[in-house]
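Down below is the structure, laid out as structure tokens.
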Amino acid sequence: MSEATINAVLTHQAPEQIKRMLEYWRAQLPGSDVLVVYGGPEPDFVSVPAEMKTFVCGEGHLTQDHQRERQSYSGVLRSIASWLEGRDYEFVNLIEFDVIPLSVDWVDDLELRLQKEKADVMCADLHRVDGTFDPHFVNHLHDSGFSDFWASMGVREDPSVVLSMLGCHSFWRREVLEKVSCVPESMSVYLELYLPTLAHHLGFRVRGSSSNRQVLRDRPSFSPKHMERLRAQGVLAVHPVKEMWNSQ
Amino acid sequence: MIGGRVRALLSGALVFLARIFGRKIIDARTGECVGRAFVRFSRGTVRFVGLQSTRPLVPRFKTTDRVTYWKTELEFASHPEPDFPNERSDD
């Protein structure tokens with residue numbers, strides 16, 4: 001297991017569930033470093049049973065209808081960037097709690113592919129969506145400042161490019177995450193458009209992380225039985241497994 | 001809240017029906033079917049009802065190899081996979 005990567009797991013679950021999640025990581029992926037990025041209620045943060053943990057600043061991630069309320073992970077990135085200060089990780093594997101790694105090889109595979117692709121960040125289910133009927137894109141296009149926002153970055157020749165990802169997983173070069181986290185979010189953009197499009201317009205190379213060795217989809221949720229079948233087939237990670245940490 | 005549930009049920013039912021009875025939506029770039037939808041023309045717009053596409057597509061008019069005045073065709077195509085270079089001067 002690579003020591004260059006910190007696995008930043010975003011969760012809002014109860015301490016008991018977080019404990020089960022960390023036990024799984026220790027048992028299935030020994031030697032991997034896990035940072036619990038806690039987005040739950042602030043008073044509960046002290047009881048999060050993790051050696052490495054950080055609390056998510058701001059309220060942009062606290063949404064019910066994530067797409068329509070335009071959930072933001074800017075606070076998540078800021079919290080991770082701040083935690084990284086003084087530590088020497090090179091990569092950040094940012095995942096939501098319901099992404100389940102199935103093999104110790106997953107992170108090594110991601111590192112290898114990032115380097116092979118000469119990419120700065122790899123995102124799950126990455127698509128270019130400008131001009132398309134993508135529901136998030138056509139909704140954001142209704143906002144008058146949306147196109148100008150990306151043009152104001154001024155790095156890319158074509159300011160119209162808009163990228164979309166599945167928010168559950170992204171793999172970052174550390175300095176890219178730090179630079180993206182520094183940009184003030186001057187307009188409200190749903191995180192699945194915001195993160196890859198911002199990284200692109202800052203001049204970074206954004207690539208898709210899709211491969212036949214990881215099964216990351218929006219829905220429906222996999223059952224633990226289905227997950228084990230995928231593990232037996234050599235799949236390295238799976239999303240979503242919503243009930244994974246609810247019981248032993 | 002109940003209104004929201006009813007809406008979700010109705011839209012779920014529409015998507016389910018569209019998957020069975022809807023028209024195929026084809027990605028003109030790859031030739032693949034990306035989903036099905038009920039297509040309806042209404043007050044100058046085209047509505048796609050029940051479409052849950054596996055990939056977002058751009059509408060565009062088909063190019064023609066000769067000038068034709070009596071018809072024009074609209075098709076849909078996905079963008080190629082994002083593959084832009086790093087353009088940062090400081091990295």
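Everything quoted here is computed from the prediction, not taken from an experiment. Note: hydrogens, waters and symmetry copies are ignored here, and every other heavy atom, side chains too, is used. Below, read A as the first sequence line, B as the second, and so on, with proteins coming before strands; counting in each chain starts at 1.
Neither the backbone nor the side chain of B:S78 comes within contact range of chain A; no heavy atoms are under 4.5 Å apart. Of the two parts of A:V155, the backbone and the side chain both hold a non-hydrogen atom closer than 4.5 Å to a non-hydrogen atom of chain B. Of the atoms belonging to A:L126, heavy atoms from both backbone and side chain fall under 4.5 Å from chain B.
Side-chain contact between B:L57 and A:F133: present, with at least one pair of heavy atoms (C-beta onward) separated by less than 4.5 Å.
Atom CZ of A:F204 is separated from atom CG of B:N86 by 7.0 Å, given to the nearest 0.5 angstrom. If you take CZ on B:F76 and OG1 on A:T132, they are separated by 11.5 Å, rounding to the nearest 0.5 Å. Atom CD of B:E87 sits about 7.5 Å away from atom NE2 of A:H200, to the nearest 0.5 Å.
A salt bridge links B:D83 with A:R205: at least one charged nitrogen is closer than 4.0 Å to a carboxylate oxygen.
Checked by atom type and distance alone, the side chain of B:H79 pairs as donor or acceptor with a backbone atom of A:D130 at under 3.5 Å. Looking only at distances, no side-chain donor or acceptor of B:R55 sits under 3.5 Å from a matching main-chain atom of A:H127. Looking at A:R128, its side chain never comes within 3.5 Å of a backbone N or O of B:P80 through a donor-acceptor pair.
Of the listed residues (A:K118, A:E117, A:R156), the one with the most heavy-atom contacts under 4.5 Å to chain B is A:R156.
Atom CG of A:D158 sits in a crowded spot, with more than 12 heavy atoms from other residues, nucleotides or ligands closer than 6.0 Å. Within 6.0 Å of atom CZ in B:R23, 12 or fewer heavy atoms from other residues, nucleotides or ligands are found, so the atom counts as exposed in its surroundings. Enclosure of atom CZ in A:R68 is not indicated, since only 12 or fewer non-hydrogen atoms of other residues, nucleotides or ligands lie within 6.0 angstrom.
Taking each heavy atom of B:P59 and A:G131 in turn, the nearest pair found is CD-O, 3.5 Å.
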